[in-house]
Visitor: 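Dropping a structure here in structure tokens format, bear with me for questions.
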Amino acid sequence: MDRITMIQTVGQQYLTSNIENGEFSYAQVIDRTLSGHYKLDIRFYDSTKRIAILIETKTRFKKSDEAQLFDYVTLEKEYAVADKIIAILANTANDKLKVWKCLPDGNAELLNDTKLKTIAEYADYYLPQNVNDRSAVLENTATLNKELHDNGIPENLRSQFVGTCLLALKNGLVYTSQMSTLQIIAGIKGILGSLLKDSMDKAVKLTVLQEKVLENQYVREMDSHNFHHLLKFIKENILPYINDTNHEGQDILSYFFTTFNKYVAREDKNQAFTPNHIAHFMCKVAGIYKNTQIFDPTCGSGTFLVQAMTMALAQCETNKERDAVKEKQIFGIEYDENVFGLATTNMLIHGDGNSNIKKASCFDEKSWIEQSLLLTKPRVVLMNPPYNASKKQVPKAFADTWGKSSTDPSKGMYFVNYVAECVGTGRLVTLLPMACAITTRGVISDLKHKMLEKNTLDAVFSFPADMFYPGASAVACCMVFNLGIPHSSEKKTFFGYFKDDGFEKRKGIGRVDVRNRWDKIEDEWLDMYEHRATMAGKCVAQSVTAEDEWCAEAYMETDYSTLCDADFINVMKNYAAFLVQNGMGDKL
């Protein structure tokens, strides 16, 4: 990298030089005689952020070069009042870097940076990080739910109302004890308008968030003192425990949304919100990288998009790369207006990425899907389609084939087949009811045949029976397709019996990883899938066609050595639940 490029990247306006060739000499500014190394190649200084960036250019790195660089660090500490110093060795022959963050205790931390950043990005390295505390969020969310109940906020409004308040507080909402409820609402509206200024379907998003939430009579008529109290509680008891710059913080924030979203799910059993730990696992299976285009055609509250975006952002080094992910690589569609509002808020709280989320039916957006997902990038589809879609949610030609049925007889498989045809190539990872995996006749079977004509069934994971508790009661599996590659009868599909995710049901909270087992279990699942393992009671690799059952239970050997009475009881309970859910209760 040449000198001009370095200066432009870090920030021309922050460059400080006092001798020929634009270099910096500490001898010119320190009032004592200096010897040794005191002429630095490139120096930047931001007096507002009180940060200095010191760059020494070399054609190869030696120990003596590091010693020379830290001589400059010592002189910088003597000369300036910088609270923060970043020291960089830059190789002009091959663009390699060695970057150190100087610490208050006099030590320096060698960073993993491989690209030069802006001075603002280096300053962010010194920002205090919020503490991720899952137990505190669990406890405080339960308390907040009671506060909302006491203030008359209906269950189906709570998630969106709290999310909107959290979003406003995160972006500097100013409120005082003298302000009325209407004045506070006006302040929140202003922040929303600013955040959505470049967003697709801006008017629709503002309508959903303002008219449906902030103009709701229960919010508008709230006592200003109580409104202040709620904002104060959210600011002091939720926001400080969420660091949304890393996966753990994203996971906690997603849990916060899920806690309130369960009330929406309770009203509409068709809404099966994906648990965020399952979404994270599916993103890992899909293979998310910083240049991956991510699409969810039925994005719900945005769980898949949030998890995938977080995974992609974690691999980015510069703001330019991060902006590319948020602005050009995240695509979503949601039909339901209220849930669309949740997706918008959720994405904004997690660092934007909402620009390419549309309020529409995926069946009306074929050309947009095809134009948005460019051939030049790897593509991943993550989806959890509605399992009991109504006739108004699908094309009329398909709805007319339902006969007397009022809900989708394909259980979501029609959505998957349609999206696979639109996208063409890449990976498609979807949650579907177990009925789609085990049914071998009728419309589901026909759609399975269509899928395998053009796409390969790579894997199917059988997930916990109570995964959506306390919302939808569907028993789900995850199917993984490699799009654009016809399925070969010789291909061995991986089947995982992934019924135990370590989560346990807790009244009033939902399913919780109370024993902290999930991280280890997720690693085990991913390892079995990666190695296409065959293990009794856990997984198997098997060649299948569209006429076969697509589940581990049909092919896997049972590990009888671990069975006990509790296992038998659980199997019978799950079987009974399956019969009832699929209209076969008379067989009990």
Side-chain angles (χ1 to χ4, degrees), residues 282 285-286 295 297-298 362-363 366 379-389 394-395 397-403 405 407-463 474-499 529 532 534 539-557 578 581-584:
M282 290 171 64
V285 168
F295 176 50
T298 55
C362 61
F363 299 109
K366 188 174 189 295
R379 286 179 265 182
V380 165
V381 177
L382 295 153
M383 62 187 297
N384 179 10
Y387 303 160
N388 296 296
V394 301
F398 178 54
D400 288 344
T401 66
W402 293 6
S405 175
T407 58
D408 177 12
S410 80
K411 301 296 182 182
M413 198 71 185
Y414 183 83
F415 284 78
V416 174
N417 186 71
Y418 165 80
V419 172
E421 289 184 354
C422 289
V423 176
T425 60
R427 296 267 281 174
L428 188 151
V429 185
T430 181
L431 281 177
L432 286 168
M434 185 57 75
C436 290
I438 64 176
T439 299
T440 57
R441 55 188 172 82
V443 63
I444 292 178
S445 177
D446 292 342
L447 289 167
K448 288 166 73 172
H449 275 88
K450 284 185 178 181
M451 283 297 295
L452 296 195
E453 286 174 3
K454 297 180 179 179
N455 314 293
T456 296
L457 180 64
D458 182 60
V460 180
F461 310 112
S462 300
F463 280 151
V475 178
C477 65
C478 170
M479 296 185 186
V480 183
F481 293 94
N482 293 325
L483 302 181
I485 306 172
H487 188 86
S488 168
S489 59
E490 298 179 359
K491 158 75 176 179
K492 285 201 171 184
T493 299
F494 176 84
F495 294 95
Y497 187 71
F498 294 168
K499 291 289 189 177
Y529 169 62
R532 322 291 290 191
T534 294
C539 55
V540 63
Q542 175 74 29
S543 297
V544 294
T545 68
E547 298 175 359
D548 297 313
E549 294 185 356
W550 294 356
C551 61
E553 294 90 321
Y555 311 106
M556 178 184 63
E557 292 183 13
F578 172 78
Q581 291 161 12
N582 289 274
M584 297 182 283

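When a residue number appears, it is its place in the shown sequence, counting from 1.
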Visitor: Does H487 use its side chain to pair, donor to acceptor, with the backbone of L457 at less than 3.5 Å?
Guide: yes
Visitor: Would you say NZ of K491 has more than 12 non-hydrogen atoms from neighbouring residues, nucleotides or ligands within 6.0 angstrom?
Guide: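 Yes.
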Visitor: Under 30°, 30 to 60°, or over 60°: which ring-plane class applies to F463 and F461, parallel, tilted or perpendicular?
Guide: parallel
Visitor: Please name the pair of heavy atoms, one in R427 and one in A286, separated by the smallest distance, quoted to 0.1 Å.
Guide: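 Looking at all heavy atoms of both residues, the closest pair is NE-O, 3.7 Å.
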Visitor: Under 3.5 Å, is there a donor-acceptor pair between the side chain of T430 and the main chain of M383?
Guide: yes
Visitor: If we ignore angles and hydrogens, is there a donor and acceptor under 3.5 Å between the side chains of S410 and D408?
Guide: yes
Visitor: Hey, are the side chains of Y387 and C436 touching, using non-hydrogen atoms and a 4.5 Å cut-off?
Guide: no
Visitor: Looking only at heavy atoms, what is the nearest atom pair of E549 and Y555, with distance?
Guide: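 Closest approach of E549 to Y555: O-OH, 2.6 Å.
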Visitor: Could you check if a side-chain atom of L432 sits within less than 4.5 angstrom of a side-chain atom of V416, using non-hydrogen atoms only?
Guide: yes
Visitor: Can you confirm whether L483 sits close enough to V423 that some side-chain heavy atom of one is under 4.5 Å from a side-chain heavy atom of the other?
Guide: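 In contact.
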Visitor: NZ of K454 to CG of N417: how many Å apart, nearest 0.5 Å?
Guide: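 The NZ atom of K454 sits 8.0 Å away from the CG atom of N417.
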Visitor: Taking the six-membered ring for Trp, are the ring centroids of F415 and F398 within less than 6.0 Å of each other?
Guide: no
Visitor: I need the minimum non-hydrogen distance between S445 and A546, along with the two atoms involved.
Guide: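 Result for this residue pair: OG-O, 4.5 Å.
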Visitor: With side chains defined as the heavy atoms from C-beta onward, is the minimum distance between K448 and M479 less than 4.5 Å?
Guide: no
Visitor: Which heavy-atom pair separates P386 from T298 by the least distance, and what is that distance?
Guide: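 Scanning both residues completely, I find the closest heavy atoms to be CD-CG2, 4.0 Å.
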Visitor: Would you please test N455 and L428 for side chain to side chain contact (heavy atoms under 4.5 Å, CB included) and show each step?
Guide: CA-CA 10 Å; N455 314 293; L428 188 151; over 6 Å; no
Visitor: Looking only at heavy atoms, which two atoms of P433 and K411 are closest? And how far apart?
Guide: CD-O, 3.3 Å
Visitor: Do the non-hydrogen side-chain atoms of R379 and F295 ever get within less than 4.5 Å of each other?
Guide: no
Visitor: Does any N or O in the side chain of Y414 come within less than 3.5 Å of the main-chain N or O of V394, such that one atom is a donor and the other an acceptor?
Guide: no
Visitor: Less than 4.5 Å apart, side chain to side chain, heavy atoms only: is that true for M451 and M413?
Guide: yes
Visitor: State whether the side chain of W550 and the backbone N or O of T545 hold a donor-acceptor pair below 3.5 Å, judged by distance alone.
Guide: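 Yes; at least one donor-acceptor contact below 3.5 Å.
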Visitor: For side chain to side chain contact (heavy atoms under 4.5 Å, CB included), just list the numbers for F495 and Q542, CA-CA rounded to whole Å, side-chain angles, deciding distance to a tenth of an Å, and then say yes or no.
Guide: CA-CA 7 Å; F495 294 95; Q542 175 74 29; 3.9 Å; yes
Visitor: Quick one: closest heavy-atom pair of K492 and S543, and the distance?
Guide: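 Looking at all heavy atoms of both residues, the shortest contact is CG-OG, 3.6 Å.
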Visitor: What distance do T456 atom OG1 and N482 atom CG have between them, rounded to the nearest 0.5 Å?
Guide: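 CG of N482 is found 6.0 Å from OG1 of T456.
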Visitor: Do the non-hydrogen side-chain atoms of E557 and T534 ever get within less than 4.5 Å of each other?
Guide: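 Result no, sub-4.5 Å side-chain heavy-atom pair not found.
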Visitor: Does D548 have any salt bridge (charged side-chain N to carboxylate O under 4.0 Å, His left out) partners at least two apart in sequence or in another chain, and if so, which?
Guide: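 Testing D548 for salt bridge (charged side-chain N to carboxylate O under 4.0 Å, His left out), a comparison that skips the adjacent residues, returns none.
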Visitor: Would a 4.5 Å heavy-atom cut-off, applied to side chains only, mark Y497 and V540 as touching?
Guide: no
Visitor: With sequence neighbours excluded, what pairs up with T407 under the side-chain contact (heavy atoms from CB on, under 4.5 Å) test?
Guide: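 Here the qualifying residues are N388, S405.
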